[in-house]
Engineer: 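Following this message is one structure expressed as structure tokens.
Note on naming: letters A, B, ... go to the chains in the order of the sequence lines (proteins, then strands), and numbering restarts at 1 for each one. Note that the coordinates shown come from a computational prediction; the quantities given were computed from them, not determined experimentally.
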Amino acid sequence: MSERTAVRNTVADPDTASGATLADSPRRPDFEQRQRPLGPRLLAGVGKHCVLIGLSVIFLIPLVWMVTGAFKTAVDLNASPIVWFPDKITFDNFVQAAQLFPLARYFFNTFVICVLSMLGAVFSSAMVGYGLARIPWRGRNVLFVIIISTMMIPFYVTMFPAFEIWRSLHLTDTWVPLILPHWLCVPIYIFLLRQFLMTIPKDLSESARIDGAGEWQIFTRVILPLIKPALVAVGLFQFLASWNDFLGPLIYLSNPKLYTISLGLNFFKGEYATEFGPLMAVSALAVLPIVIIFFFAQRTFIEGITLTGVKG
Amino acid sequence: MTTTTASAPSTRRPGRSAQARHNLKWGLVFCSPAIVGIVLFTAYPVLRSLQQSLTSATMLTPGHFLGLQNYRDLMSDAGFWNSLSNTVYILIRAVPLGIIVALCLALLLNMNVAGRSFYRVFFFVPSIVPLVASAVIWSYVFNSQYGVLNSLLGKIGVVGPSWLDDPAWAKTSLVIMSVWGVGGLMVIMLAGVQDVPAQLYEQAKIDGAGVFSRFRNVTLPFMSPHLLFALVMGLIAGFQYFTEVFVLTSGTGGPAGSTMVAGLYLYQNAFAFFKIGYASALAWVLFVLSAISAVIVFRTVGRRVYYGGN
């Protein structure tokens, strides 16, 4: 067990988190290749690439299919045998989708929910993580265990009573139930940030205390800047989670003006199930921001997953 | 309070307790979001849901006390058993398959290949596509007439089934779709593969161990915590499987109830039929089932898990 903790702590080190990624820095020199002559080495290399390219194609086909589908005419979409890359690229699907589907509104709605949830998750998890990791108070371990064990309780157990609470407050059919809980407690992020905070030397807070700083000042001025990489990871996670959330909006929102992309897309699919063109166009637009964010924040993302996974 | 804090440094014991009180106060202040959140959105809902499962509550009326009647009704409800068996069917295929695919991809990506960060992105991207969007994409991929899957199968001379429209194939379609989103698990496996000590591989190689033997005796033992984690998480997530089916079948669980999973059955009872008491009982049964299966996995598979070399 102790070894696993040690491993966890080295991985959770904020310095390495901002630096090279896990997968890009091979820890193990490839002795196998150094020993072999050029011929077999080349052959092995080609073989590996063939397997990887083949698998990538399988994984990417549905996405490529969606993106190209968005630019195909109805004739090309329903052609048999299938047309992979159409001769004629059309934007009609997007035009049609924009007429049938209040794209701008749904994007705006989703964006507001995502940003507000993200801010809440980052701030509250950092606060609670600080309270658990850096202030030695009686009961903090008990609270930590409680927070961790709440992760075991499935969403469907707490779903209706939570719904009742919001209904009694007349807050169903608003965004509040989709945002506010993230300002209170997201156990997995608390867990992750607590790990990060434990790795920061105690002396740092002590010297700030001697200089007369209060807890709040230490938290905001000293600690928060130090754990920025972890905060970014948590923020990305929450943004993604809110962007992908379906059940939450499905339960709470009934006014179409408040719909998120996912919810809108589902109803759009229900109504235009046979018109794949506009459906593909809207789906492509729903995926686009996520893919863009991922490409820019790839490292943080993957490190965050590894951390919150087995190690975190 | 303030006077104690001010006079604290003079003697030792009050100083200590003042410090403790100061820490307790700030600890509680910093943890207050979690305390409020847990009381409001976990503790209260859990107790309330347990209580409701013993009543005939609907969405609008509190109902009256029934004792264990809801649970008894569930046991004689064919719809419940169907939804449970569908869930288990999907679970026992999708979870192991997902783990195997994730492990294979991780092993491939751990080799020294140029451009592996690109490959990593390719495998990972499907897992971040919003579930609703991926359900839309796959409904088209699975389309029996215009879909890309049957078209590709046709090229190798296989006449594909009508996937989502065929009760015999609908669940398999869902399993295929879930394996597509295995990227997150792959990243966890990749981290595990990279934790395997390099010297062990070299030693095994010197001892004449082949590729398979090295995988069996070096990689697998070191990966076993990751595999156990994936198995337990997969199990727990499997019992909550919902969104994909809801979107793909427009909330019906069709064709012919073949994809009516427990999560969807629960949702229908609660938000379509408003039977909150009954749905709560169902929620608790699912919770207990997933907890029991997680414990069984820990007891059986967990024993073989190897933690570190000392």
Engineer: Can you tell me which portion of B/Leu149 sits under 4.5 Å from chain A's heavy atoms? Options are side chain, backbone, both or neither.
Structural biologist: neither
Engineer: Rounded to the nearest 0.5 Å, how far apart are CG of B/Asn23 and CZ of A/Arg138?
Structural biologist: 12.0 Å
Engineer: Do A/Phe246 and B/Phe246 make the cut of ring centroids closer than 6.0 angstrom?
Structural biologist: yes
Engineer: Taking the side chain as every heavy atom from C-beta outward, state whether B/Gln52 and A/Pro161 have any pair of such atoms under 4.5 Å apart.
Structural biologist: yes
Engineer: Which heavy-atom pair separates A/Lys48 from B/Asn112 by the least distance, and what is that distance?
Structural biologist: NZ-O, 4.3 Å
Engineer: How far does CG of A/Leu55 sit from SG of B/Cys104, to the nearest 0.5 angstrom?
Structural biologist: 9.0 Å
Engineer: Heavy-atom distances under 4.5 Å only: say whether B/Met59 touches chain A with side chain, backbone, both or neither.
Structural biologist: both
Engineer: Checking A/Arg140 against chain B: side chain, backbone, both or neither under 4.5 Å from a heavy atom?
Structural biologist: neither
Engineer: Verify, without hydrogens or angle tests, whether A/Lys269 (side chain) and B/Val247 (backbone) share a donor-acceptor contact under 3.5 angstrom.
Structural biologist: yes
Engineer: For chain B, which candidate among A/Ile190, A/Ile61, A/Ile290, A/Leu132 shows the most heavy-atom pairs at distances under 4.5 Å?
Structural biologist: A/Ile290
Engineer: With a 4.5 angstrom heavy-atom cut-off, is it the side chain or the backbone of A/Leu143 that approaches chain B, or both, or neither?
Structural biologist: side chain
Engineer: Return the OG to CD distance between B/Ser117 and A/Gln298, rounded to the nearest 0.5 Å.
Structural biologist: 6.5 Å
Engineer: Mind ranking A/Gly131, A/Ser56, A/Ala126 by heavy-atom pairs under 4.5 Å with chain B and telling me who comes out on top?
Structural biologist: A/Ser56
Engineer: Where on A/Val51 is there a heavy atom nearer than 4.5 Å to chain B: the side chain, the backbone, both, or neither?
Structural biologist: side chain
Engineer: Counting only heavy atoms closer than 4.5 Å, note whether B/Val101 contacts chain A via side chain, backbone, both or neither.
Structural biologist: side chain
Engineer: Does anything in residues 275-282 of chain B get under 4.5 Å of chain A by heavy atoms, and if so which residues?
Structural biologist: B/Ile276, B/Ala279, B/Ser280
Engineer: Identify which part of A/Leu240 has an atom lying under 4.5 Å from any heavy atom of chain B, answering side chain, backbone, both or neither.
Structural biologist: side chain
Engineer: On a heavy-atom basis, which atom in A/Leu77 and which in B/Tyr146 lie closest, and how many Å separate them?
Structural biologist: O-CB, 3.8 Å
Engineer: Can you name the closest pair of heavy atoms from B/Arg120 and A/Ile302 and give their distance?
Structural biologist: NE-CD1, 3.5 Å
Engineer: What pairs with B/Tyr140 under ring-ring contact (aromatic ring centres under 6.0 Å, His included), at least two apart in sequence or on another chain?
Structural biologist: A/Trp65, A/Phe276
Engineer: Which atom pairs, donor and acceptor, lie under 3.5 Å between side-chain atoms of residues 122-137 of chain B and protein residues at least two apart or in another chain?
Structural biologist:
| unit_1 | atom_1 | unit_2 | atom_2 | d |
| --- | --- | --- | --- | --- |
| B/Ser127 | OG | B/Phe124 | O | 2.7 |
| B/Ser134 | OG | B/Pro130 | O | 3.4 |
| B/Ser134 | OG | B/Leu131 | O | 3.1 |

Engineer: Does any heavy atom of chain A fall under 4.5 Å from the side chain of B/Leu152, the backbone, both, or neither of them?
Structural biologist: side chain
Engineer: When only pairs under 4.5 Å are counted, which of A/Asn244, A/Leu263, A/Leu180, A/Leu247 shares the most heavy-atom pairs with chain B?
Structural biologist: A/Asn244
Engineer: Output the option from B/Leu185, B/Val113, B/Val141 having the highest count of non-hydrogen pairs under 4.5 Å with chain A.
Structural biologist: B/Val113
Engineer: Indicate the atoms forming the closest heavy-atom contact of A/Ile305 with B/Gly184, along with that distance.
Structural biologist: CG2-O, 3.7 Å
Engineer: Show, in sequence, the C-alpha distance, side-chain angles and deciding distance for B/Tyr44 and A/Thr158, and conclude whether the side chain to side chain contact (heavy atoms under 4.5 Å, CB included) test is met.
Structural biologist: CA-CA 9 Å; B/Tyr44 167 77; A/Thr158 53; over 6 Å; no
Engineer: With a 4.5 angstrom heavy-atom cut-off, could you sort out which part of B/Phe239 is near chain A: side chain, backbone, both or neither?
Structural biologist: both
Engineer: If you compare all heavy atoms of A/Cys185 against all heavy atoms of B/Ile38, which two are closest, and at what distance to 0.1 Å?
Structural biologist: SG-CG1, 4.2 Å
Engineer: Determine, using ring centers only, whether B/Phe30 and A/Trp137 are less than 6.0 Å apart.
Structural biologist: no
Engineer: Output the option from B/Trp284, B/Tyr267, B/Trp180 having the highest count of non-hydrogen pairs under 4.5 Å with chain A.
Structural biologist: B/Trp180
Engineer: Just wondering, do B/Phe242 and A/Leu250 contact through their side chains at under 4.5 Å, heavy atoms?
Structural biologist: yes
Engineer: Check each atom of A/Met159 against the heavy atoms of chain B and say whether the ones under 4.5 Å are side chain, backbone, both or neither.
Structural biologist: side chain
Engineer: Atom CG of B/Leu28 and atom CD1 of A/Ile135: how far apart are they, to the nearest 0.5 Å?
Structural biologist: 9.5 Å
Engineer: A/Leu184 and B/Gly37: which non-hydrogen atoms are nearest, and at how many Å?
Structural biologist: CB-CA, 3.7 Å
Engineer: Go through A/Ala162, A/Ser283, A/Pro154 and name the one with the most non-hydrogen pairs under 4.5 angstrom from chain B.
Structural biologist: A/Pro154
Engineer: Do B/Val121 and A/Phe295 have side-chain heavy atoms sitting under 4.5 Å apart?
Structural biologist: yes
Engineer: I'd like to verify something: which residue of A/Phe160, A/Tyr130, A/Trp243, A/Phe123 has the highest number of heavy-atom pairs under 4.5 Å with chain B?
Structural biologist: A/Phe160
Engineer: May I ask you to name which of A/Val287, A/Leu265, A/Ile261 has the most heavy-atom pairs under 4.5 Å with chain B?
Structural biologist: A/Leu265
Engineer: Sort B/Leu24 into side chain, backbone, both or neither according to what part of it lies under 4.5 angstrom from a heavy atom of chain A.
Structural biologist: both
Engineer: With the side chain counted from C-beta on, respond yes when A/His49 and B/Tyr119 share a heavy-atom pair under 4.5 Å apart, and no when they do not.
Structural biologist: yes
Engineer: So which part of A/Arg134 gets closer than 4.5 Å to some heavy atom of chain B, the side chain, the backbone, both or neither?
Structural biologist: neither
Engineer: Just jot down the salt bridge (charged side-chain N to carboxylate O under 4.0 Å, His left out) partners of B/Arg48, sequence neighbours excluded, or say none.
Structural biologist: A/Glu164
Engineer: Is it the backbone or the side chain of B/Asn143 that comes under 4.5 Å from a heavy atom of chain A, or both, or neither?
Structural biologist: side chain
Engineer: Are the aromatic ring centres of A/Tyr156 and B/Phe287 under 6.0 angstrom apart?
Structural biologist: no
Engineer: Among A/Phe155, A/Phe163, A/Trp183, A/Trp166, exactly one meets ring-ring contact (aromatic ring centres under 6.0 Å, His included) together with B/Phe41. Which residue is that?
Structural biologist: A/Trp166
Engineer: In Å and rounded to the nearest 0.5 Å, what is the CD1 to CH2 distance from A/Ile218 to B/Trp26?
Structural biologist: 10.0 Å
